[in-house]
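For clarity, every value in this text was computed on a predicted model and none was experimentally measured.
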Amino acid sequence: MITAVIFGLISSLHCIGMCGPIAMMLPVSKNNQAKKVMQICTYHLGRISAYSFLGLVFGIFGKGLFLAGLQQQLSIIVGLLMILFVVIPQNKLGKFSFLQPIYVLVTKLQKALGGQFKKQTFSSLYLIGFFNGFLPCGMVYVALFGALATQSIGLGIAYMALFGLGTIPLMSSIIFVRDLFSVKLRSAIMKYYPVIIVLFGMLFIIRGLGLDIPFMSPDTLNLFVRSEADC
C-alpha cells in the first residue's frame, strides 16, 4: 500500500497542472490561518471521499475478475487503453458514441463544481473536493487500475484513499504559495504527463504477458497458483 502513497506524491506534480487552478481559486479565508487550514483539509477530505468511492467500485469489479481468472487479460487490455488514451487526441475522444454519456456527466459535474465557488462554507469546500475527485484525470485512472489490481473491495478503497493522501502535500502548498506555481511552470509539468501514462501502460502490458520476470511479470502458473490459494 506504500506504493499508493508514493504514486500520489508523484501524481501531485500532474495535479498542479490539471487541478491547480481549482485549488488556487478555493474560497478560503485570507486572514484567519487556522480557519484556512481547516478549510483546505475539508477540501481534501472531499477529494479523498470521491477517490475512496471509486476505489470501492473498482475493488468490486477487480474481485469479480479475479474470481473469473482474467487477471492477465485485464492487465493487457488496461495497458493498451492507457496508451490509446494518450495517442488519441482528446478532441477526438468525444466523437466516440459510447463515451458521450461520460462527457455529459463531466459537464454536469463542472456546473455543480462552479456553483460551489460562490459560497465559503465548509460544506461547499467539501463538495468542491468531492466533485473535483470525479473529474477526468489520467493519474486517477492509473491509480484506479492499481485499485483494480488489488482484487479486493477493502484494499481497493484503502488504495485510493492512500493515493489521495499522497497528493495532499503539494496540492496544499499551491494554495499557500501560489506565486511559485506559474502558468508556465504548470504547462511545463504537463508535458511529461503523456510519457508517464505510456510507461505505466507498458508496465501493465508486460505484467499481463506472463514473462516470468520477478515482481514485474509473473508467469501464468504463478497467477493460477495464487488464485487457487486465495480461494
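Counting only distance, with no hydrogens or angles, the side chain of Q39 and the backbone of L125 share no donor-acceptor pair below 3.5 Å.
Inter-residue side-chain proximity for L54 and F134 is flagged as met; some heavy-atom pair is nearer than 4.5 Å.
In this structure T42 satisfies the side chain to side chain donor-acceptor pair (under 3.5 Å) test with no other residue, sequence neighbours excluded. Under the side chain to side chain donor-acceptor pair (under 3.5 Å) criterion, S172 pairs with H44, sequence neighbours left out.
For I157 against S52, the heavy-atom pair with the smallest separation is CG1-O, 3.8 Å. Between V198 and I83, the shortest heavy-atom contact is O-CG1, 4.2 Å. Smallest separation of non-hydrogen atoms from G133 and Y51: O-CE2, 3.6 Å.
Residues T121 and Y126 have side chains that never bring a donor and an acceptor to within less than 3.5 angstrom of each other.
Just one residue in the list I48, V140, L155, L165 forms a side chain to side chain contact (heavy atoms under 4.5 Å, CB included) with M160, and that residue is V140.
One distance of note links OG of S123 with CZ of F130; it measures 13.5 Å at 0.5 Å rounding. To the nearest 0.5 angstrom, S173 atom OG is 12.0 Å from I168 atom CD1.
Under the 4.5 Å side-chain heavy-atom criterion for ILVMFWY residues, no single connected hydrophobic cluster contains both F122 and M25.
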